[in-house]
Asker: 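The structure's right below; bear with me while I get my questions together.
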Number of protein chains: 2
Amino acid sequence: MRRYARPTIKPRKVPVQARSTQLVADIVRAAVRVLEREGPHKFTTVRVAETAGVSVGSLYQYFPNKQSILYRLQADEWSRTSEAIDSILQDEGKPPAARLRAMVRFFFHSECDEAPFRLALDAAAPEYHSAPESRAHRVRGQRIWRRFMESAAPRATPAERAFAAQLVLMTVTALGKQVSEKNLTRAQVTRWADAVSDMLLGALARYGSKRPS
Amino acid sequence: MRRYARPTIKPRKVPVQARSTQLVADIVRAAVRVLEREGPHKFTTVRVAETAGVSVGSLYQYFPNKQSILYRLQADEWSRTSEAIDSILQDEGKPPAARLRAMVRFFFHSECDEAPFRLALDAAAPEYHSAPESRAHRVRGQRIWRRFMESAAPRATPAERAFAAQLVLMTVTALGKQVSEKNLTRAQVTRWADAVSDMLLGALARYGSKRPS
DNA sequence: GTACAATACGAAGGATCCTTCGTGTTCACA
DNA sequence: TGTGAACACGAAGGATCCTTCGTATTGTAC
C-alpha cells in the first residue's frame, strides 16, 4: 500500500492567554461551519480565518498547516463518539445483545445527524488518515470492542474474539457511513440500525458457540 | 444533504481516426498509472498527458475536464466488476449460498488487488460521485442483487427482498473497501470474505423464513 | 496532388491556495 | 507606568493547477 507525503499535525504554539484560547475555539467552530456549508473543496485556511473573524496569520500561529485543522476536527469527533460508545457498551445492567443494539442505533443516528460534516471530513481524510495520531484512535476503538466481546462471546478464544471485534467494528463504521449518505428519516435509520444489529448478533452467536475452521 | 458544484463529464469529442483512438487509450492507461504511483493529490492533467506521451491540449480534446478522466476510470472499473459479479450470482448451477460466497471472495480479492488504485480513486471520488451517470451504475448494481434475492430468499416479500438486497450490497462494498485497506495476505482476505459471507447468509436466512416486524 | 477535416501541440492566461514575515497591538507583571 | 512577551494582523511570495487557443501537422477523400 503506497502512502503519500504527509506533514506534521502537531500544534505550533499553545495558547496561554484568554484571547488566544478564544481564538483557537473560534477557528475550530468556523472550520466546522466552512466544511459543512462550503464543502471540502472550498475548505481554505483563509476562508476559515475569515469565518472565524480572525486573520490567517493568527490561524497559523496555532495550526502548523491546513491538515492540522482537519485533524483537530476529526480527533474531537472521535473522542466524543468513542466515549459515548464505550459507555453504552460497558453498561453492565443490560445483556450484550441489548448493548450492541443500543450502540448501533446511537452510532447510526449520530452519523446521520452530522452527515454533511462527516462526509466533507471524510473527503478530506486522505490528507491525515495515515498520521500516527489517527492510528492511536483506531487502536483505542479496537480495545473497546475487544472488551465488549469478552462478555458477548465468552466461550470464544481470544483470537476469535479479536477477529470478531474487528468484524463488528468495521461493519458498524462502514455501514454507518453508507447509511448516513442515504438521506433517510429517523425511523428508517433505526430500522437499518436494527437490521445491522441483527446481522451482527447472528454472526457473534456463531463465534460464541461452535468451533470455526 | 448538500451537494457541491459539478461540471459535465461527457466526452468532448469522439475519436474517429486510429491515432486519436490510440491517444485516448494511452491517456486512460496513463491516468491509472499516475493515480497508482503518485496518488490522488498529484493527479494532474499535465502529468497524465506527459505520462501518456501526449500534450495537454490533445487530452482536452477528448476529455472536457479533469473529473471526466477520473469518472472514465471509475466507470470502466464498475463495468468490469459488475459484469463479473452478475455472472457469478446468476450461475444457476450452484445454490445461492455458494454463489454469494464465490462472489464475495471474488470481490474482496479484486478490491485488494487494486487497492492503491481504488483508494486513490475513492479519494478523488467526491468530484464525480454525485454525477447522474454514476447513479445509473448504482441502480444497475441494485438490480443485480434484487434478482439474486429472488432465488436466495424466495419466501420473502418484494419489499423485504429490496431491503435485503440493499443490505447485502452495502455490506459487501463497504467491507470490501475496508478489508482492502488492511494489507492482508490472500489467505487472510479469503478468511474475511468467508466471515462476511457467513454473516450475510445468516441475515438472509432470517429474511427468507420468519415474518419480520 | 490538393484541399479540407481531424488531430496534435504547448506556452501562457487566469485562478486559487498555502504559508511566511515584518509590523503593530495587547496583556501580564513588576 | 514601563517593559518584554504574547498575540494579532494581512499583504505578498511562491507554488500549483486547470484550461484555452492559435499554430502546426497528419490523415483522408477526391
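Order of the sequence lines fixes the chain letters, A, B, ..., with proteins taken first and strands second; residue numbering starts at 1 for each chain.
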Asker: In chain order, what residues pass the salt bridge (charged side-chain N to carboxylate O under 4.0 Å, His left out) check against A/Arg72, with sequence neighbours excluded?
Answerer: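 Scan of A/Arg72 (salt bridge (charged side-chain N to carboxylate O under 4.0 Å, His left out), adjacent residues dropped) gives A/Asp76.
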
Asker: What is the distance from CD of A/Gln22 to C1' of D/dA6, rounded to the nearest Å?
Answerer: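 So the two atoms are 17 Å apart, to the nearest Å.
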
Asker: Summarise protein proximity over nucleotides 9-18 of chain C in one line of letters, 5' to 3': B for base, S for sugar-phosphate only, - for none, counting protein heavy atoms closer than 4.0 Å.
Answerer: BB------SS

Asker: Which pairs, with at least one residue in residues 177-200 of chain A and sequence neighbours excluded, count as a ring-ring contact (aromatic ring centres under 6.0 Å, His included)?
Answerer: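 Those involving residues 177-200 of chain A are A/Trp192-B/Phe163.
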
Asker: Would you please classify the geometry between the A/Trp78 ring and the A/Tyr71 ring as parallel, tilted or perpendicular, with 30° and 60° separating the classes?
Answerer: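 Correct class here is perpendicular.
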
Asker: Tell me, please, which residues at least two apart from A/Val32 pass side-chain contact (heavy atoms from CB on, under 4.5 Å).
Answerer: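 side-chain contact (heavy atoms from CB on, under 4.5 Å) list for A/Val32, sorted by chain: A/Glu36, A/Leu73, A/Phe117.
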
Asker: How would you list all residue pairs meeting side chain to side chain donor-acceptor pair (under 3.5 Å) that involve residues 14-29 of chain A, not counting sequence neighbours?
Answerer: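 Passing the test, one end in residues 14-29 of chain A: A/Gln17-A/Arg19, A/Gln22-A/Asp26, A/Asp26-A/Arg29.
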
Asker: In whole angstrom, what separates B/Lys13's NZ from D/dC21's C1'?
Answerer: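 So the NZ-C1' distance, B/Lys13 to D/dC21, works out to 13 Å.
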
Asker: What nucleic acid atoms does B/Tyr62 come within less than 4.0 Å of, heavy atoms only: base, sugar-phosphate, or nothing?
Answerer: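 Sugar-phosphate, backbone atoms only, no base.
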
Asker: Tell me the side chain to side chain donor-acceptor pair (under 3.5 Å) pairs involving residues 103-115 of chain A, sequence neighbours left out?
Answerer: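 Residue pairs with at least one partner in residues 103-115 of chain A: A/Arg105-A/Asp194, A/His109-A/Thr190, A/Ser110-A/Arg118, A/Glu111-A/Arg118, A/Asp113-A/Arg186.
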
Asker: When the side chains of residues 164-175 of chain B are checked against the rest of the protein, which donor-acceptor pairs come out under 3.5 Å, sequence neighbours left out?
Answerer:
{"unit_1": "B/Gln166", "atom_1": "OE1", "unit_2": "A/Lys182", "atom_2": "NZ", "d": "2.5"}
{"unit_1": "B/Thr171", "atom_1": "OG1", "unit_2": "B/Leu167", "atom_2": "O", "d": "2.6"}
{"unit_1": "B/Thr173", "atom_1": "OG1", "unit_2": "A/Gln178", "atom_2": "NE2", "d": "3.4"}
{"unit_1": "B/Thr173", "atom_1": "OG1", "unit_2": "B/Leu169", "atom_2": "O", "d": "2.9"}
{"unit_1": "B/Thr173", "atom_1": "OG1", "unit_2": "B/Met170", "atom_2": "O", "d": "3.1"}

Asker: Can you sort out the partners of A/Gln90 under side-chain hydrogen bond (donor to acceptor under 3.5 Å, both in side chains), two or more places apart, ordered by chain and number?
Answerer: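 A/Gln90: side-chain hydrogen bond (donor to acceptor under 3.5 Å, both in side chains) contacts with A/Asp86.
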
Asker: Can you check nucleotides 26-28 of chain D for protein contacts, nitrogen or oxygen pairs under 3.5 Å, and list what you find?
Answerer:
{"unit_1": "D/dT26", "atom_1": "O2", "unit_2": "B/Arg19", "atom_2": "NH2", "d": "3.3"}

Asker: Under 4.0 Å between a side-chain N or O of B/Ser20 and OP1 or OP2 of C/dA6?
Answerer: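 Result: no.
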
